[in-house]
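A short write-up of the structure that comes next.
Everything numeric here is computed off the predicted structure, so don't read it as measured data. Chain identifiers are assigned alphabetically (A, B, ...) following the order of the sequence lines, protein sequences preceding nucleic acid strands; residue numbering begins at 1 within each chain.
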Protein chains: 2
Amino acid sequence: MRDAYIVGAAQTDFGSFPDESYRSLFASAFEAARESVPAGVDPDDVDEAFVGTLGVGGRQLGLSGPAATEHVGLHGIPTTRVENACAASGYAVRQAVQAVRSGMADVVLAGGVEIMTDTSSDATKYWLGVSGETEWERLSGTTFAGVYAQMADAHMAEYGTTSEQLSHVAVKNHRNGAKNPHAQLGFECSLEDAESAQTVADPLTLYHCCPTTDGAAVALIASEEVVAEYTDDPIRVAGVGAASDAVGLFQRDSYTGIEASQRAAETAYERAGIGPDDLDFAEVHDCFSIAEILAYEDLGFCEPGEGGELVESGATALDGELPVNTSGGLKSKGHPIGATGAGQVAEAFKQLSGDAGNRQVEGATRGLTHNVGGSGGAAVVHVLEREARSASEGTSGPSPREREREVAE
Amino acid sequence: MRDAYIVGAAQTDFGSFPDESYRSLFASAFEAARESVPAGVDPDDVDEAFVGTLGVGGRQLGLSGPAATEHVGLHGIPTTRVENACAASGYAVRQAVQAVRSGMADVVLAGGVEIMTDTSSDATKYWLGVSGETEWERLSGTTFAGVYAQMADAHMAEYGTTSEQLSHVAVKNHRNGAKNPHAQLGFECSLEDAESAQTVADPLTLYHCCPTTDGAAVALIASEEVVAEYTDDPIRVAGVGAASDAVGLFQRDSYTGIEASQRAAETAYERAGIGPDDLDFAEVHDCFSIAEILAYEDLGFCEPGEGGELVESGATALDGELPVNTSGGLKSKGHPIGATGAGQVAEAFKQLSGDAGNRQVEGATRGLTHNVGGSGGAAVVHVLEREARSASEGTSGPSPREREREVAE
């Protein structure tokens, strides 16, 4: 099985763009991704594409993959729309890795796009609700904020997690997002702002919830055979893990953890031959502040129940031991459903390439991305590593290629 | 790169089932597919799943992949929804092949499901329309019958194709469908029936159009390492080809052929090391009767412009030189959007396993499936071959494994 590498990745600004279409946003992300490849990429080099989108608004719902790639001149290649709700483009990246590893493609586009802000509030409830369990969640009136509020409530009851700890997630992510020119809500907020904001679904306040967002992101993945044509500093996909679970929260054994995240992380770590202690940073799925706390625990950054304390301690701040959501996360950077997973990979690519500006994690050589669909019906985790090809650069650990690997993922 | 094999495949009855849900239909298809595997398959053996659905009706639109697989006890595995309109599950099969070839999975489920008949006529127009080009086709009032009518009109003008020839497609496919207990419209029709039926979109009559359908289909794909655990008569995926094109018909150079089909077929033939003359049968995408005529030409069964004559000659009848749509095709068997591609593979599996009953193509060892998304924005082609493992069975040509193959697809 051949290795796959991220040779470029980028996102558009995330925000509200009434003058953009999903095609124009996708094209902007594609052009930015091409520009991020050190030696450039000719569109003719792209063998295949995977496009993640939920299709909020339902305009070009069918064939939205080919409709996006035709617009950027990728004419005739196999293009597949991948949908796993908010994890759509995280799965698109995984499919691109699979395509490369299969030998069926050498250069693969994995991207995502979503337009959400031109949809009415009622319609948004529908379009987000369809990623919950339809019979027992959406049709009974449960919103996603409601689902995650139940998880927050359970976590508070079981572990004593506090509202202030939820707010610390927001404060940290807004502090990071204020350093990210692409962020939708690129301003800082105080603990008091988050605590005193109006309640959306008790115990979650407005600042515990991510916004609705327009945006697109694209990653370009290449095989080990061709990677040297595009870059001298390849970012290797060291491990991929994905898992599904019951779509409805009520069908699961636990409300205080997301089993799909746990399984996906376990697989990704195993294939990469590393553990959470070996990470320099992580982009995790913080659609609601409780989700980031769950992610800490599910991804092994701390023990179950200690996520609230972890964020409060500052360990996951930009200058902490393991910076989490340096981009601002879904909370501050924004959450254009189908674009989020590829957007996380774009941030990881920036960090591993040393291009993250004033939010750069010094010496970052290994990072993780974690993307969740719905309330945990699907999850996908990637471990990305900068390889030491240039003489002037070195990874801290043993060369990934030296490690024993049986079957990746 | 390892080979991938179809070890089992089956479909539900296609039709109108007001008492079924997409989950119950999917479960029926999964059970039938398991039963079709000679040595059986334990659900725990399944490493990964791809589910194709357009999501007509929009009930469980997001995460419909995991929602389907959780219901059949495939808990925790990576499940991805794949959508390319009417080619959704043809692409799901392709993704399963890619997953096997990548080494990331040994046994993969590829299925599809759609519930269409509980949706109102107006809603159906929307749900099918979203697979056309939204700005210039759907919103301007063009239906899919309208799009294919334009193609029929152009083919008639350029090549002299006649309405009677279109009707011959319907007559042939209904004759085959009458032999298929799973067919939705399992009755024969006469040339007069087809010719005199009411016009849907000139020149297409009601009998030139497929019905709307509920149904599900599932294929189980295994790697060469494990295939012997499941069957002594493996059906090898000898070649896969897929391609995209402009989603809107008006953006294409030709109305009298589908370039995505041509490209997909070319790739599939090349990878399989065969040509159209080496096929024993084919299941092609006949959403409208003109589509089957275009398929003949695009897949190389005849020269451009000769498709009408080909069907009229009887060459594609069950007892003809190259039987096409032995299942009854989309026209008679039915067209549950997301299930169609996997349903074609189920028919090919039946034919290659010698289990097609009174519609069996004698000595069938090699078949093709051809699945189109929209009016040609996407297409995917599989060449499937029965391997001669049992001493009592033999393929007519050289062993596929003896053939030179560089990179499959």
(Q) How long is the straight-line distance from CZ of A:Phe50 back to OG1 of B:Thr80, given to the nearest 0.5 Å? (A) 10.0 Å
Q | Check: B:Tyr91 side chain, A:Arg81 main-chain N or O, donor-acceptor pair, under 3.5 Å | A | no
Q | Side-chain heavy-atom pair A:Leu63, B:Val130 within 4.5 angstrom cut-off | A | no
Q: Grab the two heavy atoms, one from A:Gln98 and one from B:Gln95, that are nearest each other, plus how far apart they are.
A: OE1-O, 4.3 Å
Q. Has the side chain of A:Gln60 got a donor or acceptor atom that lies under 3.5 Å from a matching backbone atom of B:Gly132?
A. yes
(Q) Shorter than 4.5 Å, heavy atoms on both sides: which option in B:Gly248, B:Ala260, B:Ala243, B:Gly129 has the most such pairs with chain A? (A) B:Ala243
Q. Is the side chain of A:Asp245 donor-acceptor paired with the backbone N or O of B:His75 at a distance under 3.5 Å, no angle test?
A. no
(Q) For B:Glu133, is there an ion pair with A:Arg59 - N to carboxylate O distance below 4.0 angstrom? (A) no
Q. Any sub-3.5 Å donor-acceptor pair from B:Ser244's side-chain atoms to A:Ile77's backbone N or O?
A. yes
Q) Could you give the distance from OG1 (A:Thr134) to CG (B:Leu61), rounded to the nearest 0.5 Å? A) 8.5 Å
**Q.** Sub-4.5 Å side-chain heavy-atom contact between A:Glu70 and B:Val247
**A.** yes
Q. Does any heavy atom of chain B fall under 4.5 Å from the side chain of A:Ser64, the backbone, both, or neither of them?
A. both
Q. Which residue out of B:Gly55, B:Gly76, B:Ala85, B:Pro66 racks up the most heavy-atom pairs below 4.5 Å with chain A?
A. B:Gly76
Q.
Please classify the contact between B:Leu74 and chain A as side chain, backbone, both or neither, with a heavy-atom cut-off of under 4.5 Å.
A. backbone
Q. Does any non-hydrogen side-chain atom of B:Arg271 lie less than 4.5 Å from one of A:Met104?
A. no
Q | chain B contacts, top residue of A:Glu259, A:Arg263, A:Gln251 (heavy-atom pairs, under 4.5 Å) | A | A:Arg263
Q. Backbone N or O of A:Val82 within a donor-acceptor pair of the B:Glu83 side chain at under 3.5 Å?
A. no
Q | Toward chain A: residues of residues 136-148 of chain B with heavy atoms under 4.5 Å | A | B:Arg138
**Q.** Check ion pair B:Arg23-A:Glu135 (N to O, under 4.0 angstrom)
**A.** no
